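Let me begin by presenting the structure, written as structure tokens, before commenting on it.
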Amino acid sequence: MSRIAASLGVAHDVLAAGPVERTHLPVLVPGAVLASVSSFLAPGLHGTDVRTNRSERVTGRYPTAGLCLEGLPLLSRRPLSWRELPLGYWTSGPAVPPVAVTGDVEDQVCLNGLAAAAPDRPVDLVTLVGTALERLGVPGRPAQEPWGLVEQALVWRFRGRATATVQHLPAAAVTAAGIRFTGRDGVLRPPVVSVFHISQFALLRGEHEEDDE
């Protein structure tokens, strides 16, 4: 775990320029959040749902690496101001990649985050994540691949293993999640929301892959 802690420190220094801050996020994706964006998730995406003992109603879902749906309430709890944007949050903890989509093995710990920005003041997560991967010793160029949403994501791979993802939530999903900001003209509109993750494999700097050689 000391290696992961050191790698999270490297990622923290890079992402802070976003600005994307480390915070604590809910252990589960709230059921209401999941319901609001479910139509935008990739067909065949399976997650681990949590239900109450006496009901079939889904009360939450364990986090999915690269979606960070558990962070949406931080952005939707009140209308944001254009002065606050861009802003973002990330956390580290258990999450699984969308196995039904990617075929990758489960992550035990990963860095999961999201960022919101006004359309005219974007967060360059592609550069930030790419820089973090270079500093972690697993550089690469992203390519379009299916991940957790209907639309494709940018996926980084190192020796065939997924190391990171970045993708935008569809504008309709942002609206459905109740995320809004007040522009300079005083009009409420949805911001651009991006989700990302850096995998456990990347945080361990490929040590398991090296052991297999």
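Given the structure is predicted, the values throughout are model-derived calculations rather than measurements.
Rounded to the nearest 0.5 angstrom, L75 CG and E84 CD are separated by 10.5 Å. Separating the CG atom in L169 from the OG atom in S194 is a distance of 7.5 Å, to the nearest 0.5 Å. Interatomic distance, F196 CZ to T165 OG1, rounded to the nearest 0.5 Å: 9.0 Å.
Not counting sequence neighbours, the partners of T127 by the side-chain contact (heavy atoms from CB on, under 4.5 Å) test are D124, T131. Applying the side chain to side chain donor-acceptor pair (under 3.5 Å) criterion to D185, with sequence neighbours excluded, gives R189. For T91, there are no side chain to side chain donor-acceptor pair (under 3.5 Å) partners, not counting sequence neighbours. Partners of E151 under the side chain to side chain donor-acceptor pair (under 3.5 Å) rule, at least two apart in sequence or in another chain, do not exist in this structure.
Note: the hydrophobic cluster containing V37 also contains V193 (ILVMFWY, side chain heavy atoms under 4.5 Å, direct or indirect links). Clustering ILVMFWY residues whenever any of their side-chain heavy atoms sit less than 4.5 angstrom apart, transitively, puts V192 in a cluster other than the one holding V166.
Between L154 and V129 there is no side-chain heavy-atom pair separated by less than 4.5 Å. For the pair W156/V138, no side-chain contact is recorded, criterion being any heavy-atom separation below 4.5 Å from C-beta on.
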Only distances under 3.5 Å count here; give the side-chain donor-acceptor pairs of residues 23-33 to other protein atoms, sequence neighbours excluded, each with its distance to 0.1 Å.
none

Donor-acceptor contacts, no H, no angles, side chain residues 4-22, under 3.5 Å, sequence neighbours left out:
residue : atom : partner : partner atom : Å
S7      : OG   : R3      : O            : 3.1
S7      : OG   : L203    : O            : 2.6
S7      : OG   : R205    : NE           : 3.3
R22     : NH2  : S92     : OG           : 3.0

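A donor-acceptor pair under 3.5 Å is formed between the side chain of S199 and the backbone N or O of A162. Looking at Q200, its side chain does come within 3.5 Å of a backbone N or O of V109 through a donor-acceptor pair. The backbone N or O of T64 lies less than 3.5 Å from a partner atom in the side chain of N112, making a donor-acceptor pair.
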